[in-house]
Q: 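Dropping the structure in here first, questions after.
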Protein chains: 2
Amino acid sequence: MRDVSQLAGVSRMTVSRAISDPELVLPATREKVAKAIAALGYVPDRTAGSLSSRKTGFIALMLPTLTNANFAAVAHGLTEALRDANFHLLIAYTEYDMVEEERQLRNLLARRPEAIVMTGATHSPAASKLLLAADVPIIEIADLPSRPIGHVIGFSNHEVGRTAARYLIDKGHTRIGAIGGTVEGEVRDHRGEERMRGFEDELRLAGLSADAVLRYGEAPLSYDHGAAAIARLLKKSPDCQAVFAVSDLSAVGAMMQCQRMGVSIPDQLSLIGFGDFEIGRIVDPPLTTIHVDFNELGRRTGATLLALLGEDGDARPGRVDVGLSVVERESVSKA
Amino acid sequence: MRDVSQLAGVSRMTVSRAISDPELVLPATREKVAKAIAALGYVPDRTAGSLSSRKTGFIALMLPTLTNANFAAVAHGLTEALRDANFHLLIAYTEYDMVEEERQLRNLLARRPEAIVMTGATHSPAASKLLLAADVPIIEIADLPSRPIGHVIGFSNHEVGRTAARYLIDKGHTRIGAIGGTVEGEVRDHRGEERMRGFEDELRLAGLSADAVLRYGEAPLSYDHGAAAIARLLKKSPDCQAVFAVSDLSAVGAMMQCQRMGVSIPDQLSLIGFGDFEIGRIVDPPLTTIHVDFNELGRRTGATLLALLGEDGDARPGRVDVGLSVVERESVSKA
DNA sequence: ATGAAAGCGCTAACAC
DNA sequence: GTGTTAGCGCTTTCAT
């Protein structure tokens, strides 16, 4: 920057202003500076700028995993929303491991993000303490915690499960099952488990048995999980009429496995998923699923962040439920 | 940090050492410092540390998109490899747009990464200039450029296309087509196009027509693309026996579309994809595809980075071809 | 509208 | 093994 200022024949302060707040500089001066910058190929050092201004321009985003289209959509929506404000996303992922989450959070905090976005609302005590002490806006997303740390933009996973159960019940099914991940071990998907609980609760409310609700395999759940889980479930409960999969990926895996086993969907078995993944539209029959607008979730989060970081008196914690909807396709039949 | 040093009764320098190079500090002192840190909930500020030490601990990673399992696998492998060395990945994505790539690169450079990992080797002139001037190790991955900027860890996309063509030809097919993205507009997948070219070249080498090679739709290619493209292709070239899809996602979309149109795979149409995505193992029939170990690519890149950043005399640019292999499953028949 | 001085929170380099 | 001094490249603040 010193080089630029010398070449342009102005002080370094003027260069700084010409870059970050051009309005404050005479057009002629601005021009000279721009030329010098181009000639030298100067790229400002935001590390130094961050230290001085005490604004890093970082937003921390904690995700369970990168390899999930919906979480990627959140990251995507967020990035879009923040791009023009010149914020950078600092992404960390936990692999559904709370010990790892804490480690990652510490690393993130060392970069002094101006806000922290956490996926989910279940944290280790140490992580919660870290978050509380961070003194920056916290947003918990993709969940609807009863005791949130800061702002909330999400949906109720419990309600997802209940909605799935109600839908299947309304179709006249009575022998209803579900497939999801296990709760044992360190690696677990709390939000998926919440969907399973909601499902079981609604089943019980309707006086139906929850015996065919199967927890099997570790997060992240994908096609293989669904294939293996449905095989187990049908062995254990051969008379099952309808199944909820906590993730569309599992649902699709289950569908393919059924195809191989000669179980016709939806004639012999109805299937409903969660997440509205693109693949669900493509398979045959198209998958009935529960949709949450994750892109919107990301964009909303970005807009909230911008508002929060714009005004000084940070508004009191907000709570937004982006809701959910059933996408009726053809994988569920009437009983 | 000042607070920590006072509480521990040592100088700030000792605190710094106790954190970043504990060996240099007496165990007793170390202990005192650790206690003070815990008591105060102190988290070091790496922004300040970076400025002072001139090491940011950032590695820049430029990806076409986040929403692709293989690129996500690269990011994953890289993160794993770098985690223990306390490096952070700074991820940017271009959405297959070279103008955007340049913008993103400038933003990345402002964070002073210690190395830059670029996916692909086709950059705008301005981006190339930026890269050349960056004065940090550059690694181009997932490609095998003839005129690389720095290190290369990748595979030949051209060879992928040739291999696909050869495989189909060896099976006795003569009326062979392909589906990939368009080359028009700003948004394009150069590496996918390279695979298409390799495919065409091999077809011509065998004296076969490349008329049924269809370029349609913009990157990123996914299920919908495959479904739409195969419908168009079969309309245009109804006698087509075998098709290469530049991405497994397109291949799966094509497969589902064929199912809907009553075209039996592989009896009436053979299909080979690229990328070995998980879904390809799950569909029925399982998809024959060309596999590249993207996870290994990420890990290799991480290891190379560590070596590069470890030693002072940075080794001369290396070139690694991770190769490729055909995964024979059941979507290709003999003619 | 521009400039000068001070300092952000750390660590490199050198001293003891 | 620990402390002192100086300074990383910017921006804040205040002056002109």
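Each chain gets a letter, A, B and so on, in the order its sequence line appears, and its residues count up from 1.
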Q: Could you give the side-chain donor-acceptor pairs of residues 64-73 of chain A under 3.5 Å, partners two or more places apart or in another chain?
A:
{"from": "A/Thr65", "atom 1": "OG1", "to": "A/Thr67", "atom 2": "N", "distance (Å)": "3.1"}
{"from": "A/Thr65", "atom 1": "OG1", "to": "A/Thr67", "atom 2": "OG1", "distance (Å)": "3.0"}
{"from": "A/Asn68", "atom 1": "OD1", "to": "A/Asn70", "atom 2": "N", "distance (Å)": "2.8"}
{"from": "A/Asn68", "atom 1": "OD1", "to": "A/Phe71", "atom 2": "N", "distance (Å)": "3.2"}
{"from": "A/Asn70", "atom 1": "ND2", "to": "A/Gly275", "atom 2": "O", "distance (Å)": "3.1"}

Q: Restricting to ring-ring contact (aromatic ring centres under 6.0 Å, His included), what partner residues turn up for B/Tyr96, sequence neighbours left out?
A: none
Q: Among residues at least two apart in sequence or on other chains, which ones pass ring-ring contact (aromatic ring centres under 6.0 Å, His included) with B/Phe58?
A: A/Phe58
Q: Please confirm whether the shortest side-chain N or O distance from A/Ser11 to OP1 or OP2 of C/dT2 is below 4.0 Å.
A: no
Q: Could you check how far CZ of A/Arg111 sits from P of C/dG9, rounded to whole Å?
A: 17 Å
Q: Do B/Arg112 and A/Asp45 meet the salt-bridge criterion of a basic N to acidic O distance under 4.0 Å?
A: yes
Q: Can you give the donor-acceptor pairs under 3.5 Å from side chains of residues 6-15 of chain B to other protein atoms, not counting sequence neighbours?
A:
{"from": "B/Ser11", "atom 1": "OG", "to": "B/Met13", "atom 2": "N", "distance (Å)": "3.4"}
{"from": "B/Ser11", "atom 1": "OG", "to": "B/Thr14", "atom 2": "N", "distance (Å)": "3.3"}
{"from": "B/Ser11", "atom 1": "OG", "to": "B/Thr14", "atom 2": "OG1", "distance (Å)": "3.2"}

Q: Could you run through DNA chain D and flag its stems, i.e. three or more consecutive Watson-Crick or G-U pairs with both distances under 3.5 Å?
A: C:1-16 with D:1-16
Q: Mind checking what makes ring-ring contact (aromatic ring centres under 6.0 Å, His included) contact with A/Phe294, not counting sequence neighbours?
A: A/Phe155
Q: Which residues in residues 102-109 of chain B have a heavy atom closer than 4.0 Å to any atom of DNA chain D?
A: none
Q: Over how many whole Å does the gap from B/Leu26 atom CG to D/dG3 atom C1' extend?
A: 15 Å
Q: When you look at CZ of A/Arg106, are more than 12 heavy atoms from neighbouring residues, nucleotides or ligands closer to it than 6.0 Å?
A: no
Q: Can I get a per-line list of side-chain donor-acceptor pairs under 3.5 Å for residues 130-137 of chain B, giving both atom names and the distance, sequence neighbours left out?
A:
none

Q: Over how many whole Å does the gap from A/Leu24 atom CG to C/dT2 atom C1' extend?
A: 11 Å
Q: Can I get a per-line list of side-chain donor-acceptor pairs under 3.5 Å for residues 77-87 of chain B, giving both atom names and the distance, sequence neighbours left out?
A:
{"from": "B/Thr79", "atom 1": "OG1", "to": "A/Tyr93", "atom 2": "OH", "distance (Å)": "3.0"}
{"from": "B/Thr79", "atom 1": "OG1", "to": "B/Ala75", "atom 2": "O", "distance (Å)": "2.5"}
{"from": "B/Glu80", "atom 1": "OE2", "to": "B/Arg83", "atom 2": "NH2", "distance (Å)": "2.8"}
{"from": "B/Arg83", "atom 1": "NH1", "to": "A/Glu100", "atom 2": "OE2", "distance (Å)": "2.9"}

Q: Can you list every side-chain hydrogen bond (donor to acceptor under 3.5 Å, both in side chains) pair that touches residues 20-36 of chain B, not counting sequence neighbours?
A: none
Q: For residues 27-52 of chain A, which residue pairs pass the ring pair (Phe, Tyr, Trp, His ring centres under 6.0 Å) check, not counting sequence neighbours?
A: none
Q: Can you tell me how far C1' of D/dG3 sits from NZ of B/Lys32, to the nearest Å?
A: 13 Å
Q: Mark up nucleotides 8-16 of chain D, 5' to 3', with B wherever a protein heavy atom is under 4.0 angstrom from a base atom, S wherever such an atom reaches only the sugar-phosphate, and - elsewhere.
A: BBBBB----
